[in-house]
There are 2 protein chains.
Amino acid sequence: MPTYKAPTRDTRFVVNELLRLESYGNLPGFESASIDLTDAVIEEAGKFTTEVLAPLNQSGDAEGCTRHADGSVTTPAGFKAAFKQFRNGQWASLSGPVEFGGQGLPHVIGFVMEEYIASANMAFGMYPGLTTGAVSAILAKGSPEQQQLYAPRMISSQWLGTMNLTEPHAGTDLGMIRTRAVPQADGSYAITGTKIFISAGEHDLTENIIHLVLAKTPDAPDSTRGISLFIVPKVLVDTDGSLGARNAVSCASIEHKMGIHGNATCVLNYDDAKGFIVGEENKGLAAMFIMMNAARLGVGIQGLAQAENAYQNAVLYAKERRQGRALTGPVEPAEKADPLFVHPDVRRMLMDAKAFTEGMRALCSWGALQVDLTHKAATEADRQMADDLISLLTPVIKGYGTDMGYQTATNMQQIWGGHGYIVDSGMEQFVRDARITMIYEGANGVQAMDLVGRKLALNGGRAVQALFALLDAECAQGANDPAVKDVADRLAKATGELKAATMWFLTNGMADRNAVGAGAYAYMTLMGVVAIGLMWLRMARVASAALAAGSGDKAFYEAKLITARHFAQRSLPQAGALRREIEAGAETVMGLPIEAFEAA
Amino acid sequence: MPTYKAPTRDTRFVVNELLRLESYGNLPGFESASIDLTDAVIEEAGKFTTEVLAPLNQSGDAEGCTRHADGSVTTPAGFKAAFKQFRNGQWASLSGPVEFGGQGLPHVIGFVMEEYIASANMAFGMYPGLTTGAVSAILAKGSPEQQQLYAPRMISSQWLGTMNLTEPHAGTDLGMIRTRAVPQADGSYAITGTKIFISAGEHDLTENIIHLVLAKTPDAPDSTRGISLFIVPKVLVDTDGSLGARNAVSCASIEHKMGIHGNATCVLNYDDAKGFIVGEENKGLAAMFIMMNAARLGVGIQGLAQAENAYQNAVLYAKERRQGRALTGPVEPAEKADPLFVHPDVRRMLMDAKAFTEGMRALCSWGALQVDLTHKAATEADRQMADDLISLLTPVIKGYGTDMGYQTATNMQQIWGGHGYIVDSGMEQFVRDARITMIYEGANGVQAMDLVGRKLALNGGRAVQALFALLDAECAQGANDPAVKDVADRLAKATGELKAATMWFLTNGMADRNAVGAGAYAYMTLMGVVAIGLMWLRMARVASAALAAGSGDKAFYEAKLITARHFAQRSLPQAGALRREIEAGAETVMGLPIEAFEAA
């Protein structure tokens, strides 16, 4: 059985040394986030996820969820008890607003818990996971009464929430949804339609489930401009929060999936269910994007999380499994063979995984800080820059982060050889679970188009210019420190490729929209490589300074420097190839008719 | 349910136009391989696999194999009847030697069937699949009596064979095996031990199973130099081939795996089972490598095969599923949305898949021709060159081919969006089945070490020099044809990177063995990219000539030219990044102690 231990030491490095969260103590909500407090939260979060959730990961996968004849759904053994502990620990409320019962801590801290929970048990984590986004939408667009009624109970995990977007014929293209919302005399709406792929759509963890549902009113425009968002509680709720009658929403079936078996992915039927509009009619897409952006960052973290757990178990195996001898001669001659760990190709995979997971952890936490600063930074300019940066990088964190999460999980399974293909090892579950992260909340190709088709040109390219300025400043400063100069120089070179690719889009994109589409994915990957590179240069600088200051834990900081160089030497060179792929344009991509692809 | 259609048109292009198999009619065994005959075999193979095997792929995955209390194993419903058709059609004997009942056709034709069967139903294909390697070993090292007794019955699929190498503690490191072979008075050996991961180790398809088993005699050296190879029939066989008593080998359990559920992966217990040595004591490793090399090429083909089937089903979905609008405006304005196929990022994935599958098909078939020429070419120099080339490229076909097969299957699943994550779609099965190909018959990291640690330096680098000469000649000729010059120039540049990386190993490898190991995987990938590039340049030249000659099927040849450019423009640029990864050496890869990888 695989084991998981929350990487609290690295988290503390990111929070305290890289982001220096305490330095933001002058901002509202950050004043209480002392190092002592955040360290304590990190340790407790690590303990809870390691001890309570991780042991249920493999059994939850094996058992899956059960739908009963009455449409009720039972979660895997142990999930209900674990959820009670989760709720009692108030783990979902860390960065919830204080006025709705949240603890008001920075999102940076909330993200730490999101990573740990998604590492320990991703299927479990998806029950409370979608709730965060649902609450965001209610807080942003709901009426004061809706906020008072739903937010505190969802932040406290008394009730959980879902996001109902997809229909059988409408996934990415939400303009095509057919679910109808007919206005009723009492101001509510009668919701009718079928939603599919609804994560945590039905379960036995809470007494109520608050569905957030996209639907169309009778006279709505037949496009994304005609979508409205509704709150549809599973059980109707009185104004005092007490539960009333069962609403007309039911689970028709549970999907049989490749992975995340512990989460009930439901087909939900709405049959004149009572719904309450969130905000105005036809303005549902904006509200949906509030949910979606939070969810996309969460999915990027899931990519990291699966890579992290797979990596930990690959390290264990590389240490324990003996096979062959080191190329330079036996390392443990008294044994029949050396541990796998002596083999350079095994080490290469472990180092790649270390470089990705630690770099991605830094990027996600830095992203969470931008979310906080968007709302709380002292000046409008600071708030705008934070918003620009996180808007730009959300598709990169989601798309590149999950691509690499899956690739890393696959490589870690590889270290286990044939044993990793056996279900008992748990290694193949990491791959199957990680696979969904590239698909849901907007497939990664959709992320790439969001990046180059929307985010890049917004406000005259202000966001990407801000990123370039960050990169240039960081590289310039890094070049002055001999310990990190190589990393800085290589990052500067990769940044040059990113700038050139950006310029290429600006020059060619207007004349040939398909050229933008054909290069979008490579561009997302390129920005991902550079963004992780930026994090590694920053981490290397922090490590170099710590070593210069004679800090304890010398081995930790030296490892950071070596891992930074590893990423710089072995991953940043991809930038040039990606740029050339982008500059190839759409000629070959769009050059063939569909018949040319059909087997003959 | 996914559908599969054997890509016979492309196969015929490779066999008849690219390899021009008919031009080898002067060689023994090739004289009967007229275009008419090979075309007929290709069509029939396509028909059989499409109609008989493909429909059992998904049901076989869902049902899996069943082990009964007595140790017998039942294959999924339909497999037994399909196998009877397979045997009656003599599909395993295509390129078997005539003197043992084979049809004596070139391996090129045998490989075509291997691809189709592995596409249609990989789990099924593995039952007869391992038999080919087992027969090779018997024919190469067995006594005349063993050859007469076993080979005809295995070539005719009356009996099937297995390869028994792995033990719980010994996978890659075969020197550690513990299975014992004690000589008996009658010249046989008593075999005792446990073998794991034995594909097709027990089943109900044939009345007998011929296990080829690695074991150690009592006084054998405790290393790979002390391994012997034994034939251990499941049912003992009289000299006339009639069946006798049940031998003491039994299936202890079936592994619960990530994929290939339709194949029984067994733990086999040998308990003083009667075995017959193949060749001499302590010379088993050489015999094993004969099996293994055949199997490795077969696994490379499985990578291609899974990519091909996944690709076909992604094309279907891209054509049928409607979502969103083309970037350049609605293509089918009368419909609510355009087909997925209009989106550049979907097309990018399809083009990448087309470039890989067709390029890999060419490479595998070209490799099969080298296998034939190794034995049958007219001159010793030609035989040697063919042997050099296929020995060099076997780990590349296995390693790079399966990496790309898995990646392609994953991308094709991606085109299906959320629906591809649902088991019913069949798309996730391609990914799960493809995953094993990167692991078994030598994990891909082992392939990389075989390439750089053994094959590269063999005979003073004669093989890689032969490959460079091929590449140089092809690029020089291609540069003269304006229709393919761009592809030739880009391949020449990538070849330059491969040469530089090779030189780097030669210069640095002696002083730092770990630097070779640290760059091995990138080198294997680099050679894979260049090898597929070579095939694309050749195919482009054939297509260019066909178009110049005014051949029919103009669209087919134009598609070849565009796909060649696609690969050249978008994949060949990886060569530079891979070279730089190699030249980074082992410093960061081997720079950290194990403790630096452990979660803290």
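Naming: A, B, ... by sequence-line order, numbering from 1 per chain. All values reported here derive from a predicted model rather than from experimental measurement. Side-chain atoms are counted along with the backbone in the values below, which use heavy atoms only and exclude waters and symmetry mates.
- For B:R432, the parts lying near chain A are the backbone and the side chain together; criterion is any non-hydrogen pair under 4.5 Å.
- Taking 4.0 Å as the cut-off between side-chain N and carboxylate O, A:D222 and B:K336 count as a salt-bridged pair.
- Only the side chain of A:V431 has a heavy atom closer than 4.5 Å to any heavy atom of chain B.
- When side chains are defined from C-beta on, A:R322 does not count as touching B:H169, because their heavy atoms never get closer than 4.5 Å.
- If you tally non-hydrogen atom pairs under 4.5 Å between each of B:H256, B:R325, B:Q407, B:M438 and chain A, the highest count goes to B:H256.
- A:E587 has a carboxylate O that lies under 4.0 Å from a charged side-chain N of B:R565, or vice versa, which qualifies the two as a salt bridge.
- For B:Q447, there are no side-chain hydrogen bond (donor to acceptor under 3.5 Å, both in side chains) partners, not counting sequence neighbours.
- Ranked by heavy-atom pairs shorter than 4.5 Å toward chain A, the options B:K257, B:R513, B:R9 are led by B:K257.
- Under a 4.0 Å N-O distance rule, the pair A:E598/B:K5 does not qualify as a salt bridge.
- Counting heavy atoms from C-beta on, the side chains of A:N514 and B:T328 come closer than 4.5 Å.
- Between B:Q414 and A:N444, some side-chain heavy-atom pair lies under the 4.5 Å cut-off.
- A:Y406 and B:T410 are linked by a side-chain donor-acceptor pair at a separation below 3.5 angstrom, with hydrogens and angles left out of the test.
- The candidate from A:D345, A:L578, A:I582 with the greatest count of non-hydrogen atom pairs under 4.5 Å with chain B is A:D345.
- Annotation: ring pair (Phe, Tyr, Trp, His ring centres under 6.0 Å) contacts of B:Y311 (sequence neighbours excluded): none.
- Heavy-atom pairs under 4.5 Å with chain A peak, among B:H566, B:R435, B:R348, at B:R435.
- With a 4.5 Å cut-off on side-chain heavy atoms, B:W416 and A:I439 do not count as touching.
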